[in-house]
Protein chains: 2
Amino acid sequence: MEKQTITIYDVAREANVSMATVSRVVNGNPNVKPTTRKKVLEVIDRLDYRPNAIARGLASKKTTTVGVIIPDVTNLYFSSLARGIDDIATMYKYNIILANSDQNDQKEVNVLNTLLAKQVDGLIYMGHKITDELRAEFSRSKIPVVLAGTVDPDEQVGSVNIDYEAATEQVVSELVAKGHQRIAFVSGSQTEEPINSIYRMKGYKKALADAGITFDESLIFETEYTFSAGEEIYSKLAEASATAVFVGDDELAVGVLNGALDHDVRVPEEFELVTANNSKLTEMVRPKMSTITQPLYDIGAVSMRLLTKLMNKEEVDEKTIILPHNVANRGTTK
Amino acid sequence: MEKQTITIYDVAREANVSMATVSRVVNGNPNVKPTTRKKVLEVIDRLDYRPNAIARGLASKKTTTVGVIIPDVTNLYFSSLARGIDDIATMYKYNIILANSDQNDQKEVNVLNTLLAKQVDGLIYMGHKITDELRAEFSRSKIPVVLAGTVDPDEQVGSVNIDYEAATEQVVSELVAKGHQRIAFVSGSQTEEPINSIYRMKGYKKALADAGITFDESLIFETEYTFSAGEEIYSKLAEASATAVFVGDDELAVGVLNGALDHDVRVPEEFELVTANNSKLTEMVRPKMSTITQPLYDIGAVSMRLLTKLMNKEEVDEKTIILPHNVANRGTTK
DNA sequence: ATGAAAGCGCTAACAA
DNA sequence: TTGTTAGCGCTTTCAT
C-alpha cells in the first residue's frame, strides 16, 4: 500500500473550502477571512500537507530556482563566490542548481541547456570566457543572466566584478616603485580569458609604461590554475630572471611561492610575489601572501541580489557593477 | 509581443502525429516507426523545441534532480566530495540542488523541507550530526538518502565513509611508536559529532591503551573548523606540553601548523602533526602535512552512484560503504 | 506503431 | 471573501 501523497484538493475537502482558498492561504494572499484561514491552516497542519513545488512551477511558470555555472567548486575563489550566491538566494527563497563546467565550452552549453529545460528563473555564470554559442543561448532564453567574477567585453548581461585593470596596475606599480625591473605576469590562458588578456594585462603594461620599462614577452606565463602548475613554473621565472611576480590566481600563487621556497629562495627578500584574489589561501601559507583584496563573498552576494531584481523585473540603474578592491601587503612583499 | 514557447503540441501538429508519438521519440521509446521518428525529429529541430522538464516532472513524478546538503562549500573537504557527487550526477543525467547548512540544525531542516517540496528524487547529506528531527524527515519522505563523509550510528540510510576509527588508531600508534607520550587530539565538537566523539576518539584511545599510555583529558581540544581557530589553539597545546597532535580537519590543521611555526617551533623536529582528510591543502603548505589519506572525490562519487541505484530501486548488497584509507607521512612527521 | 484522453498538483483569471 | 474552471506541458494507460 503506497503512502498516498496528500494534495491541495484533500485539504480543500477536509476544510470545506475550495482549492483556490487553500491556495490563497498557502501563498499568503490577504483576501481570506481570518477564521477560514485559521481553519485551513489547522487542516494543513493536521494532514501534514506540503505543497508540490513542481506543480506550482508548472502552473505559475516560476520555479524559484536559479542555475549556477561554476568552473570548479573545489577552487576557493569560485566556492567563495558560490557561498555568497547561495546565502542571498536562500534569503530570497531561491535554491540553486550548481553545475561544474571545468571551463569546458561543450560542458557549459550542455549544462546551460539542461538548466533552461528545468526552467530556472535566472542564471549566474562564473567562468572566464563566454563563447559565442553560450552568448547566443543566453539571449534566446530570455531569462536574466548575471556574471559573477567574470567579465565580458560585450556588456549585454549583468555582471559583478572589481576593476581588474586598476588593481593590477596598482600592484605592479608598487613593485616597480620598489625597484623591480623584471616583473613576471603569471595567469591562466591569455588568449581565452578576457580578464587576463584584456584587463589585467592592460594594467600590467600601463604600470610598466609609466615607469618607462619595456614590456618583455618572456616574462609572461600562462598555465592552468593549480598549485602544482605553479610549482613547476617557478623555475621558468628564475630562468627569465624575474625578481617579482604578479599571479592571477591564489592557488597558482601558492604553487609559485612554494616553488621559490623549495628552491631555497627567500621570500620576500630575494623574490616578491603578489596574488590576485584574497581567498583564505593567502593567509594559510607562510609567508602570508600579499594580494589584491576583493570581496569574494560579496561579489557572489551582490550578483545574486542583482539577479533577484532582474527576475522581478525591477528597475536597476546599473547592471555592470564594480565593487571596490584594495591591496594588502603581507608576507610576500617587502 | 511575447515570444511564444513552443510545446510538444506544436510539434505534434506540425508533424501530423499525436503528442504521444512526439513524447515517444523525445524519450527514445523504440516503438516508433523510423520514418515517423525522422519526421518528428526534423520538426523538433526546425521549431527548436525544448521539452519542459517541470511539466515532465509533474507528469512522471521524477525530476532527475537530487538535493545535496553541505555544511559549507568553501571547506575543501566538503567541496571535494561535492565535486565527485556532481560529476557522477551529471553522468547519470541528474542535476544537484546544492544547499549550505553551516551545520545549523534549523537550517538543515528548512532546506530539507524545501528540497522535498521541490520533489528531488534523492538526497545526499554531508554534515556531522543527524538530529532526530532530521532523521524523522528522512524516513517520512520515502526518497532515498545517502550520507557522504558522514557517519550515523543508526545505519538506516546509505552512507559512504572510510574507517575513521582504524585510521585514527593507525596514525596515533605511529606517533606513539616514535616515542610520543603526550599526543593531543584536536577536532570539532566532540559532543555533537559522532565521527569525533565515537570513531576517532575510539581509535585514539585504543592506540594509547595498546601502548599503556593513560588517557589524559587535558590533551583533548575541540573547536571550529577554521584555520584561525587552529592558530589560536596551538598555544594551548604547548601549555599542555603536547609533543604531537592529531587534527581532525585539514584547514584546522593548517592553523595548528602555522601556530607552531609562528611560535618558532620546528616541525617536525620539535612537534609532529598529522591531519585527517588529505585535501589539497595538505600539499599546499610547507612543510607538507602528513595525513590520513582518503579518496575524497571518490567518496562523493560513490555516494552519488549508490544513490542512483537506490533511486532506481536496484538491489544493493551493502548500503554502508567503507572505502580504503591509508596514511601519508609527509613533512610534518619525522 | 499510433492516437485519445485522463491526469500530475497547482495557479490564476473570472464570476459570484 | 470565496468558488469554478481552465489550463501549465508533459507522461501514460488503454485502445486501436
Side-chain angles (χ1 to χ4, degrees), chain A residues 2-41 43-44 47-65 93 114 116-121 143, chain B residues 2-41 43-44 47-65 93 114 116-121 143:
Chain A
E2 268 294 316
K3 209 187 303 178
Q4 181 59 53
T5 58
I6 86 119
T7 74
I8 199 173
Y9 180 76
D10 299 313
V11 176
R13 183 171 28 70
E14 285 287 310
N16 288 310
V17 295
S18 69
M19 294 166 55
T21 298
V22 177
S23 177
R24 286 186 189 103
V25 348
V26 167
N27 293 297
N29 183 316
N31 289 6
V32 180
K33 194 172 22 160
T35 61
T36 67
R37 174 188 307 282
K38 185 155 169 291
K39 179 175 60 180
V40 171
L41 250 15
V43 174
I44 284 177
L47 302 188
D48 196 21
Y49 164 69
R50 319 272 187 116
N52 179 325
I54 296 298
R56 206 193 282 228
L58 183 58
S60 69
K61 297 181 169 301
K62 296 182 338 146
T63 56
T64 64
T65 109
K93 311 288 187 201
T114 88
L116 294 177
K118 294 205 170 169
Q119 315 296 121
V120 293
D121 296 334
I143 63 168
Chain B
E2 267 293 318
K3 210 186 303 176
Q4 181 59 50
T5 58
I6 86 117
T7 74
I8 198 173
Y9 180 75
D10 299 313
V11 176
R13 184 169 29 70
E14 285 287 310
N16 287 312
V17 296
S18 69
M19 294 165 54
T21 298
V22 178
S23 176
R24 286 187 187 100
V25 350
V26 167
N27 292 297
N29 185 316
N31 289 5
V32 180
K33 192 168 29 157
T35 61
T36 68
R37 175 188 306 282
K38 184 152 168 294
K39 179 176 60 180
V40 171
L41 250 17
V43 174
I44 285 178
L47 301 188
D48 194 21
Y49 165 69
R50 320 269 186 115
N52 179 324
I54 296 298
R56 207 193 281 227
L58 183 59
S60 69
K61 294 181 171 300
K62 291 168 2 134
T63 55
T64 65
T65 109
K93 311 287 184 201
T114 89
L116 294 176
K118 293 205 171 169
Q119 314 297 121
V120 294
D121 295 334
I143 63 168

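Just so you know, these numbers use all the heavy atoms, side chains as well, and skip hydrogens, waters and symmetry mates. Numbers restart at 1 for each chain; the letters A, B, ... are given by sequence-line order, proteins then strands.
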Inset, instruction - Identify, between B:Thr21 and B:Leu58, the residue whose nearest nucleotide on DNA chain C lies closer to the 5' end. - result: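 Result of the comparison: B:Thr21.
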Legend entry - DNA chain C: 5'-proximal contact among B:Ala55 and B:Thr36 (nearest heavy atom):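 Mapping each residue to its closest nucleotide by heavy atoms, the 5'-most match is B:Thr36.
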Closest to side chain of [X], choosing from [options]:
X: B:Lys33; options: D:dT11, C:dT11, C:dT2; value: C:dT2
X: A:Thr7; options: C:dC10, D:dT11, D:dT13; value: C:dC10
X: B:Asn31; options: D:dG9, C:dT2, C:dA12; value: C:dT2
X: B:Ala20; options: D:dT2, C:dA4, C:dC10; value: C:dA4
X: A:Val32; options: C:dA4, D:dC10, D:dT2; value: D:dT2
X: A:Val17; options: C:dC10, D:dG3, D:dC10; value: D:dG3
X: A:Asn52; options: C:dG9, C:dT11, D:dC10; value: C:dG9

Inset, instruction - Compute whether any side-chain donor of one residue and acceptor of the other, for A:Thr114 and B:Lys93, lie under 3.5 angstrom apart. - result: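 Note: A:Thr114 and B:Lys93 side chains miss the donor-acceptor criterion.
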Legend entry - Test item: A:Val11 and A:Val40 side chains (from C-beta on) under 4.5 Å apart, heavy atoms: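 In short, these two side chains touch, coming nearer than 4.5 Å.
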Legend entry - A:Tyr9 side-chain N/O to C:dG7 phosphate OP1/OP2 under 4.0 Å: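 Negative; the distance criterion is not met.
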Inset, instruction - Assign each of A:Pro34 and B:Ile6 to its nearest nucleotide of DNA chain D by heavy atoms, then name whichever residue's nucleotide is nearer the 5' end. - result: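 The residue mapped nearer the 5' terminus is A:Pro34.
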